[in-house]
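One-based numbering, in listed order, for ligands and for the atoms of each. Each residue takes its place number in the sequence, starting with 1.
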Amino acid sequence: MKRVYLDYNATTPVDPEVLSAMMPFFAKSYGNASSIHSAGQEARAAVELGRASVASLIGAKPAEIVFTSGGTEADNLAVFGFIAAYRRERKHIIASPIEHHAVLNAVEALEKQGIDVTWLPISSDGVIDPDDVRRALRPETILICVMHANNELGTIQPIVEIGSIAAEADVYFHCDAVQSAGKIPIDVNQMKVDFLALSAHKIYGPKGVGALYVRENTPLEPIFFGGTHERDRRPGTENVAGIVGIGKAAELARARLAEDSARLGGLRDRLEEGILSTVAGARVNGDRARRISNTTNVTFAHAEGESLVIALDLQGVQCSTGAACSSGAILPSHVLRAIGLPKDEAKATLRFSLGRLTTREDVDYALQVIPRAVGRLRSISPSYSRAVPAQ
Ligand SMILES: *Cc1c(COP(=O)(O)O)cnc(C)c1O
């Protein structure tokens, strides 16, 4: 059976060039980057090359890059590490309601500890209005958290405008750029961010390694305790092979950005238009212009999303719902709820995300399979037969 992977926003395959760059650092060059002998120096050199490469993807200085165990840890380090370092009587945070759970749940945890949080309103198109950020500012505001590209909708937030507002108000700004890296250009100085999170496995690197950009002289306490690694910001023996991997992945992302995003935009539009023209009542969520080019998020009213994912998987097409599964209960996506979708529609929604290995044949195969799967699920849905009485 043909297998068509359309879930690149969940994770990507490791690029063969990334894999071969990493391989020597498992068994041959296995030194500890903190050792002073030559094996250690070899590992240290590889780590610093990786750091320079990640820095150059986002216009940062190498010393501003802190390696972590992934995007989740990078987000947590920014939020908790900054709050711990910034000594102030009253603290207020402004955050977007469509953040990834790595930011959302970190900010919610602080809210439970008594820190004031303003959750920004969001348009039905899935874009934050910078004026709402300005209106939410208070004298005690210390941090703004707004992601760059949303993982479910693909919508791109007005980060440059929000960065200027933050800088004018002397408020720190964290941006989760895990989904925008490699898809749209990132420049930490133009965006005026103080923290920016990246993850290797979303850009054809290995799972379990990420990076946090921390602007020079920005307050940050470590959230783990141990050695003095990463300039006292993140202890633990460096994941040398992983860091080499994220470095190579960043280098390839930079070189391939324009070509990848143009090609994927064409394929995504073909998929989207094909779905809209063959599936009655299908609707695209999120601003279709201000969006990363590999992602489409579609509601298929009266077709239950989780069942649809399984039905499509049986036909070889792999995609996802935006929904988070916790303790066996499928919750409707907080992103779709935030942009105003009712629960039943949020649960009838799929995300298709394309990537480097996606071909036109893949898209055409998916376009054969999707309308039939939706049709079958709708034919057994009581709500559909009520909404569309049998002829
Ligand atoms: C995947 C993802 C993360 C988490 O990154 P991990 O490396 O998987 O921990 C954070 N933010 C966004 C937007 C993501 O898509």
Side-chain angles (χ1 to χ4, degrees), residues 5-14 18 50 54 57-58 65-81 95-109 122 126-128 145-157 159 173-184 186 191 193 195-213 223-224 234 236 239 241-243 245-247 249-250 253 286 291-297 319-326 333-336 338-339 351-355:
Y5 181 78
L6 296 175
D7 204 11
Y8 282 82
N9 287 10
T11 196
T12 60
V14 173
V18 171
V54 169
L57 178 66
I58 61 172
I65 302 298
V66 180
F67 289 116
T68 66
S69 65
T72 299
E73 189 194 325
D75 282 327
N76 275 265
L77 177 57
V79 172
F80 289 111
S96 109
I98 62 163
E99 294 297 295
H100 186 274
H101 283 110
V103 172
L104 195 79
N105 290 350
V107 173
E108 278 183 0
I122 184 149
V127 181
I128 298 281
C145 298
V146 177
M147 73 200 313
H148 197 191
N150 180 266
N151 42 303
E152 291 184 35
L153 302 169
T155 50
I156 299 167
Q157 304 305 327
I159 295 303
F173 182 22
H174 169 56
C175 182
D176 176 333
V178 170
Q179 288 294 347
S180 56
K183 296 175 185 148
I184 47 177
I186 297 176
M191 290 158 71
V193 294
F195 301 102
L196 183 133
L198 299 170
S199 173
H201 78 97
K202 304 287 173 75
I203 58 167
Y204 309 89
K207 292 166 183 65
V209 57
L212 181 66
Y213 160 77
I223 57 172
F224 298 159
R234 202 279 189 176
N239 174 1
I243 291 169
I246 193 174
R291 199 168 47 150
I292 45 177
S293 71
N294 78 316
T295 305
T296 179
N297 184 291
C319 66
S320 74
T321 64
C325 190
S326 60
S333 144
H334 68 283
V335 174
L336 298 175
I339 64 167
R351 173 188 71 189
F352 302 96
S353 48
L354 288 59

Side chain to side chain contact (heavy atoms under 4.5 Å, CB included) involving [X] - partner list, sequence neighbours excluded:
X: A177; result: H148, S180, I186, L196, L198
X: P13; result: Y8, Y204, L357
X: I122; result: P97, I98, I128, A338, I339

Check: N150 main-chain N/O paired with T155 side-chain donor or acceptor under 3.5 Å: no
Does N9 reach the main-chain N or O of N151 with its side chain, forming a donor-acceptor pair under 3.5 Å? yes
Hey, which residues fall under 4.0 Å of ligand 1 on heavy atoms? G70, G71, T72, D75, H100, M147, N151, D176, V178, Q179, S199, H201, K202
Report yes if some heavy atom in the side chain of E99 is under 4.5 Å from a heavy atom in the side chain of V107; otherwise report no.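 The answer is no, as the side chains (C-beta and beyond) never meet within the 4.5 Å cut-off.
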